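Sequential numbering from 1 along the given sequence is applied to the chain's residues. Note that the coordinates shown come from a computational prediction; the quantities given were computed from them, not determined experimentally.
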Amino acid sequence: MTVDWRQSLRARQDGRFEPAGQWAQDEPRINVAAAEPKRRVGQVPEPTHPSDDSGASAESADSLHLHDQDALHDLSYLPPSVQRSVRTGVPGHTTFVTQALQHTRSDGSYYHTVTGLRLSEVEAVVVVASRQQDSTTWQVELVRYTFRRAPGAPSVGSSTRERLV
């Protein structure tokens with residue numbers, strides 16, 4: 001199930017933006033999996049030598065929606081093979097959200113995580129990746145979903161038993 005929340009913004013005199021109203025929730029969309037998701041888990045090393053293949057999109061960053069630019073920036077912390085898997089896994093996506101975080105632990109060490117969702121009407125890929133400070137290996141989980149029907153087709157109270165994502 002995915003739910004979008006939106007809030008209107010207005011420009012301020014200093015060129016920044018501020019909220020212009022309350023948050024509004026779009027109708028939740030339910031995605032029914034056509035089969036068990038395909039899950040890959042493993043350790044993915046950083047490349048030992050930088051290459052021209054950074055995993056970045058062939059499209060110019062200027063041609064992408066701002067949300068896509070942000071998502072691709074977050075993915076850039078991951079090894080190129082993981083970036084490609086997420087980026088190419090769902091052509092024609094409607095949603096592409098990511099989050100890259102650096103946590104500071106109580107002992108002062110750092111821990112990095114990158115999570116993301118790339119979603120279309122018919123498929124999705126989810127990535128969850130983490131690594132310790134100074135590690136050159138990421139712990140990565142990639143999950144791919146193929147949906148049976150367009151989002152929103154079944155209702156939550158439906159009497160049929162189906163896997164909901």
Next item on the list: Might you confirm whether atom CD of Q7 has over 12 heavy atoms from other residues, nucleotides or ligands at distances under 6.0 Å?
Entry: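 More than 12 heavy atoms, drawn from other residues, nucleotides or ligands, come within 6.0 Å of this atom.
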Which atom pair, heavy atoms only, marks the closest approach of [X] to [Y]?
| X | Y | answer |
| --- | --- | --- |
| A100 | V114 | CB-CG2, 4.1 Å |
| S85 | R40 | OG-NH2, 3.7 Å |
| P91 | S120 | O-CB, 4.3 Å |
| V41 | E141 | CG2-CG, 3.8 Å |
| D14 | R16 | OD1-N, 3.0 Å |
| S135 | R131 | O-NH1, 2.9 Å |

Evaluate the side-chain proximity of [Y] to [X]: yes if any heavy-atom separation is below 4.5 Å, no if none is.
| X | Y | result |
| --- | --- | --- |
| V126 | Y145 | yes |
| Y111 | Q102 | no |
| V32 | F147 | no |
| Y77 | T98 | no |
| V140 | V127 | yes |
| N31 | L119 | yes |

Checklist line | D74 CG to Q83 CD distance, which is reported to the nearest 0.5 Å | finding: 11.0 Å
Checklist line | Nearest-0.5 Å distance, CG of residue L75 to OG1 of residue T115 | finding: 10.0 Å
Notebook entry, point to check: Among E46, Q43, H112, whose side chain to side chain donor-acceptor pair (under 3.5 Å) with W138 holds?
Noted result: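 That would be E46; it is the only one of E46, Q43, H112 passing the side chain to side chain donor-acceptor pair (under 3.5 Å) with W138.
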Item checked: Result of checking E121, R118, E123 against H93 for side chain to side chain donor-acceptor pair (under 3.5 Å) ->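 Result for side chain to side chain donor-acceptor pair (under 3.5 Å) with H93: R118.
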Check: Just by distance, do the side chain of E18 and the backbone of R10 share a donor-acceptor pair under 3.5 Å?
Finding: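 No, the answer is negative, given that no donor and acceptor are paired below the 3.5 Å cut-off.
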Check: If only atom types and distance count, is the side chain of S109 paired as donor or acceptor with the main-chain N or O of R105 below 3.5 Å?
Finding: no
Notebook entry, point to check: Hey, mind stepping through T104 and Y110 against side-chain contact (heavy atoms from CB on, under 4.5 Å) and telling me if it holds?
Noted result: CA-CA 5 Å; T104 304; Y110 297 113; 3.4 Å; yes
Next item on the list: Evaluate the criterion side-chain contact (heavy atoms from CB on, under 4.5 Å) for residue pair V86 and F96; output intermediate values, then yes/no.
Entry: CA-CA 10 Å; V86 173; F96 189 16; 4.1 Å; yes
